Each structure stands twice: as structure tokens, then as C-alpha cells.
Amino acid sequence: MKTTLTLCVLVALGVTVHSVPTQEPTIQDEQFAESYLKRFFNLTEEQGTVARHGIIPIARKLSEMQRFFGLHITGRLDNETMELMKKPRCGVPDSKIARFSTFGGELKWPKNSLTYRIENYTPDMSRSEVDNSIEKALNVWAKVTPLKFNKIYSGTADIMISFGGDVRGHFISHGDYYPFDGPGGTLAHAFAPSSGIGGDAHFDEDERFTFRSNSGYVLFMVAAHEFGHSLGLSHSDDPGALMYPTYSYRNPDTFVLPHDDVKGIHPPPPSTPDACDSTMVLDAVTNLREEMLFFKDSFVWRSIPRTYTPQQTLISHMWPSVPSRLDAAYESRISDRLYFFKRQQVWAFTGYTPVPGYPKTLSSLGLPRWVRHIDAALFDEESRKTLFFVGDYYLSYDESKRKVDPGNLKKVADSFPDLNGKVAAAFQYRGFTYIYSGPYMFEYNLRTGRLYRVLRNSYFLRCIRNTFLYSSGTRLGLPFFIYLFIFHSFLFFLQQK
């Protein structure tokens, strides 16, 4: 099951071409196919418009589409491909980078109790039939997850459900910039979990929806598919899956969620990260009083003074409301609070006790509205300011005034020489500033900007394999294994004193 929309990069010359009898496509066929590939497979204007003249970019998109649907991969607009393109289907793209796409990463609701509201009703069915179809479609997912769905009749629900379109119209807009296309074609679309329009499901009123009959489109089946998107699933390439893009009739009374969809809604548990993994990229690093905390996926290592081996545990065991795969974390020595960041939200704790009123938005802290997420953060002991790293820049934040220092937006490369990649995490320890980028940690003097050492991310995790890379410009490698062992033993001795 694909829980994120995936782009299959195919080189046209490397595709095995099967001989499939086909008629030369008409101009109308080419125009239809171009529109289809733009909508569902991210074909852009610059990539050409005529498939039959062998333009490679459009051939690649055709090959990508053919592979996704299990067709013969010809890179040409053959009869089999045109037949599938004309099948009724969901309006969510099958390509990860399509303009409509909101899927990818860890898209799920931060709660198990969700509300839904039916804003209007289709005249094709009675109100009770629509209510029954929607409730039954949501229960498909409730049976295999801890989720519960509660209907409300006013206000804004997590999942807003509506019917839009005009039977005499074409490409009718209904307020989300993704218009429907008249009878046939796309039946509905939905948005992945997020604030605002996230989770909402829209149905094309140009279609004829039915309760059970095969003479139209069974609303239960269409809705069950769309609610999969509302819960964060993308399309599956398994023709038997509910999340397959094209519509097929199934009896609502005997429908059972296929195994592929059950697998998709239950992603495999994260593997436990290895402190000695030389390729590991940490999510966040911070101090907590005398401890050092290292975050990776759903886990955290706690490095406690006088204990040589860090303790590894789940983040949820220490801070139940904090999400996994954090963007950043830091401890403020001014407020004695620990802050966690993910996307546009921030959580605050006093040690392990949540601070009332959180999570809050980044802008509520006084950060500029252009800051959409934080890559890393650290509290600078000397200036008593917090440094927030955002892309290629970092800014100085005055927590006591709850605002960014004016004119203090600086380029990371100007202050941290030899740092080539994106900043992933940062913290200070015993007067040094440590900047994490990829699998490496850079040790700086923040005042002078001098780089002292380049270390593996595992350095403070007490892993002696491949710990040093550079020290004052001198390369150190495996021949120094014994030296490293002695060095770490000496550190351990000092901690015991």
C-alpha cells in the first residue's frame, strides 16, 4: 500500500516496449491525454503536448502512468491507455509532486475522535440514504483503527462533506481551486489531514449517485475511498484495493476492506534507530538541565551525567502529546521551559510537565509570519538569546520581549564556515556550539566562528566507531581506533569523579 504519493522516474530509452496493436490517436485524444497527465501525473506546459511525435517528456509521463496502472509500458498513447484514462475516477493525483498533492510525510490526525458534517445533499438520493452511506463509509475505517467519527450539524467539522457542480456546467469551481469536470471523469476528491480544508471531501454533483444500484455511482464506495484520503492515505496501485484511483462497483452490504488498505492505514512501526549508524541524521538535539536529549523518529536518547550509556526510550513515554519526527527542540534558561517544534506548532514543557495553553502557532511566539517551520534551535548562554535556523538563514530571538531582534537575520554560511548542508539540529555544551548537518556534527566557537572539529552524530551517544572525521584540519580515521577508545575511557573517568 502506498501511504505517500510516489513518482516513478523512468528513462524513456530504458523502457521495454511491448507491441500492442493501436490506432493512431486523434487530436482530441491527444488533448484529452495531455489534460489527464497534467491533472494526475504532473505534466507541465514546457514538456510538450503531442505524444504521437515522440516528444520524450510526455512519453515519460505516459510510461509513468502505464506502470502505475499495470499496463503495457509503451510510452505511447495506445488504445489500452486511452481506455483507462476515460474511466471514472477519484480527482486526487497519482503523482507525488502534482499541484493538487497535499500528501507525503507523516500525515495523520493528532487525535482519535473526529467530527464530520454534511453541508448539503445530492438530489439523487434521499437525505436518509446519504446519511446512511456517509456513516457506513466512515465506519469502514473506524473498524480497523482507533478512530471514532461524530456527526455535527453546525459549525466547522474536521471533515466537511459537500456536493458541488452544475449539471449544465463544465469544470465547475466549488471554492477549492480544483473544479470538477462535468459528467464522468472525476467523481470526487478529498484533502489530507491538516487545518483548514484538510480532511474535507467534495463530491461532483454532475454525477448520478445511488444508494446500492449499479446504474450510477454508489455513494458509499466513492465516499469510503475519499475518506481514505481524509485520513492521510494516497492511491494504491493494487487494482483490488479501495484506494485504487478508478471506480468499480461493489455491493455495500457485503463490502470488506481489502488487506492492502488495512496495511496502508496501519504503517509498520518505526525501526529502533542505532546510535552507531554512521548515516543517521538526527531530528533535534537539546539540553534538559544537566541532561542531553537526542531525537530521532519516535525515539529519544537521554544522556545523563555519570552514566556512560545513554538511555533510549519512546518520546511518547516522556512527553505523551509531543509528535514524532520533530523539526527542532531547545531548552530556555530564561523561562526554564523545554520547547518542541513541528511544522507551524510549538509545544512547551517544564521538565516533563506540559505548560497550559500549548501547543501554539509559531507566530504566537512573535516569530515573523514568513517562518513556516523551524529547522533547528539553540539557546545561546552568552547572549541569552535563542537562535532559530530557517533554511539558509538564522535569526536571533529575544524571549523576554517575545520578538525577533530587529535586523538580525543572518546567513548560516557567513557565521558557520565549512557548513555546506541544511542545519538539522543545534545545541550548546560546555561553551561550544554544535551544529548538526546530515550525519555530521560541527563544533564551533560561536563568538569567533572558528570550526574546531567535525564529528559523527554518534559522538555524544558514546559510540566509538567512526566518531572523528576532522580535528583542526587534520583527518583522523580508523588507525586511531585505540586512541579513540582511550579518549572515551578518559571522558568516562572524568564523569565518574
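The analysis underlying the following values was restricted to heavy atoms, covering all of them including side chains, and did not include hydrogens, waters or symmetry mates. The first residue in the sequence is number 1, and the count goes up from there. As the structure is a computational prediction, the values presented were derived from the model and not from experiment.
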Exercise for review: Would you check if there is a donor-acceptor pair between the side chains of Asp375 and His373 at a distance under 3.5 Å?
Suggested key: yes
Exercise for review: Give every residue pair that meets the salt bridge (charged side-chain N to carboxylate O under 4.0 Å, His left out) criterion with at least one member in residues 115-124, sequence neighbours excluded.
Suggested key: none
**Study point:** Aromatic ring pairing His235/His225, orientation class (parallel under 30°, perpendicular over 60°, tilted between)
**Key:** tilted
Practice item. Apply the test side-chain contact (heavy atoms from CB on, under 4.5 Å) to residues Arg89 and Asp94: give CA-CA distance (whole Å), side-chain angles for both, the deciding distance (0.1 Å), then the verdict. Key: CA-CA 11 Å; Arg89 58 162 291 156; Asp94 307 316; 2.8 Å; yes
Check your understanding: For Tyr434, what residues pass the ring-ring contact (aromatic ring centres under 6.0 Å, His included) criterion, not counting sequence neighbours?
Key -> Phe427, Phe460
Practice item. Determine, step by step, whether Lys38 and Glu34 satisfy the salt bridge (charged side-chain N to carboxylate O under 4.0 Å, His left out) criterion, reporting the C-alpha distance in whole Å, the side-chain angles of both residues, the deciding distance to 0.1 Å, and the verdict. Key: CA-CA 6 Å; Lys38 283 180 179 178; Glu34 179 189 352; 3.0 Å; yes
Practice item. Answer yes or no: is there a donor N or O on one side and an acceptor on the other, between the side chain of Gln66 and the main chain of Thr81, under 3.5 Å? Key: no
Check your understanding: Does Tyr121 OH have over 12 foreign heavy atoms under 6.0 Å away?
Key -> yes
Check your understanding: Does Asp297 offer a backbone N or O that forms a donor-acceptor pair with the side chain of Asp283 under 3.5 Å?
Key -> yes
Check your understanding: Between Glu207 (side chain) and Leu187 (backbone), is there a donor-acceptor pair under 3.5 Å?
Key -> no
Review point. Do the non-hydrogen side-chain atoms of Pro359 and Lys342 ever get within less than 4.5 Å of each other?
Key: no
Exercise for review: Evaluate whether atom CG of Asp392 has more than 12 neighbouring non-hydrogen atoms of other residues, nucleotides or ligands under 6.0 angstrom away.
Suggested key: no
Check your understanding: Would a 4.5 Å heavy-atom cut-off, applied to side chains only, mark Leu293 and Leu338 as touching?
Key -> yes
Revision key, fill the gap. Gly164 and Phe180 have their tightest heavy-atom pair at O-CD1, 3.7 Å
Under 3.5 Å, which donor-acceptor pairs do the side chains of residues 240-249 form with other protein atoms, sequence neighbours left out?
residue: Tyr247; atom: OH; partner: Val218; partner atom: N; Å: 2.9
residue: Tyr249; atom: OH; partner: Arg212; partner atom: O; Å: 3.4

Check your understanding: Where do Asp29 and Lys86 come nearest, in terms of heavy atoms and distance?
Key -> OD1-NZ, 4.0 Å
Study note, to complete from the structure: Note: Met160 and Asp200 closest approach over all heavy atoms is N-OD1, 3.0 Å
Review point. Between atom NZ of Lys296 and atom OG of Ser324, what is the distance when rounded to the nearest 0.5 Å?
Key: 11.0 Å
Review point. Between Asp204 and Thr186, does any side-chain donor sit less than 3.5 Å from a side-chain acceptor?
Key: no
Point to revise | Any donor-acceptor N/O pair, Lys108 side chain to Gly232 backbone, under 3.5 Å | key: no
**Study point:** Exercise: identify the closest heavy-atom pair between Ala275 and Trp301
**Key:** N-CZ2, 3.7 Å
Exercise for review: Among residues two or more places apart or on two chains, list those pairs meeting salt bridge (charged side-chain N to carboxylate O under 4.0 Å, His left out) that have a residue in residues 136-154.
Suggested key: Asp131-Lys151, Lys136-Asp253
**Study point:** Pair listing, salt bridge (charged side-chain N to carboxylate O under 4.0 Å, His left out) test, anchored in residues 152-164, at least two apart
**Key:** Lys111-Asp158
Check your understanding: Within the side chain of Ser35, is there an N or O that forms a donor-acceptor pair under 3.5 Å with the backbone of Gln31?
Key -> no
Review point. Would you say the side-chain atoms of Asp237 pair up with the backbone N or O of Phe68, donor to acceptor, closer than 3.5 Å?
Key: no
Check your understanding: Checking ring pair (Phe, Tyr, Trp, His ring centres under 6.0 Å) against Trp319, which of Trp347, Tyr358, Phe340 comes through?
Key -> Phe340
Practice item. Would you check if Met85 and Phe40 make a side-chain contact, meaning some heavy-atom pair closer than 4.5 Å? Key: no
Practice item. Please examine the side chains of Tyr217 and Phe203, heavy atoms only from C-beta on, and report whether any two atoms are closer than 4.5 Å. Key: no
Check your understanding: So Tyr436 and Val423, side-chain contact (heavy atoms from CB on, under 4.5 Å) or not? Walk me through it.
Key -> CA-CA 6 Å; Tyr436 290 76; Val423 176; over 6 Å; no
Practice item. Check whether the ring centres of Phe227 and Tyr116 lie less than 6.0 Å apart, and answer yes or no. Key: no
Point to revise | Flag side-chain contact, heavy atom, 4.5 Å: Asn120 against Ser162 | key: yes
Study note, to complete from the structure: Heavy-atom nearest pair, Arg39 first then Asp181, reads NH1-OD2, 3.5 Å
**Study point:** Point-to-point distance, once rounded to the nearest 0.5 Å, from OG1 of Thr286 to CG of Leu378
**Key:** 9.0 Å
Review point. Atom SG in Cys276, atom CG in Asn457: separation rounded to 0.5 Å?
Key: 12.0 Å
Point to revise | Geometric class of the Tyr330/Phe341 ring pair [parallel <30°, tilted 30-60°, perpendicular >60°] | key: parallel
Review point. Is a side-chain N or O of Glu129 found less than 3.5 angstrom from the main chain of Thr210, in a donor-acceptor match?
Key: no
Study note, to complete from the structure: Taken in chain and number order and not counting sequence neighbours, the residues that satisfy side-chain hydrogen bond (donor to acceptor under 3.5 Å, both in side chains) with Ser194 are none
Revision key, fill the gap. Residues Met65 and Leu37: closest non-hydrogen pair is CB-CD2, 4.2 Å
Practice item. Could you walk me through whether Arg372 and Val390 pass side-chain contact (heavy atoms from CB on, under 4.5 Å), step by step? Key: CA-CA 9 Å; Arg372 311 299 291 176; Val390 183; over 6 Å; no
Practice item. Step by step, work out the side-chain hydrogen bond (donor to acceptor under 3.5 Å, both in side chains) result for Asn150 and Ser113. Key: CA-CA 7 Å; Asn150 301 302; Ser113 181; 3.1 Å; yes
Review point. Going through the checks in order, is the side-chain contact (heavy atoms from CB on, under 4.5 Å) test met by Phe209 and Val130?
Key: CA-CA 9 Å; Phe209 292 107; Val130 172; over 6 Å; no
Review point. Can you tell me how far the OG1 atom of Thr145 sits from the NE2 atom of His266, to the nearest 0.5 Å?
Key: 6.5 Å
Review point. To the nearest 0.5 Å, what is the distance between CZ (Arg325) and CZ (Arg343)?
Key: 10.0 Å
Check your understanding: Rounded to the nearest 0.5 Å, how far apart are CD of Glu205 and OG1 of Thr122?
Key -> 3.5 Å
Practice item. Answer yes or no: is there a donor N or O on one side and an acceptor on the other, between the side chain of Lys61 and the main chain of Phe41, under 3.5 Å? Key: yes
Review point. With a 4.5 Å limit on heavy-atom distance, are the side chains of Phe389 and Lys422 in contact?
Key: no
Check your understanding: Can you find a heavy atom in the side chain of Glu64 that is under 4.5 Å from one in the side chain of Arg60?
Key -> no
Review point. Is there a side-chain contact between Met280 and Pro273 (heavy atoms, below 4.5 Å)?
Key: yes
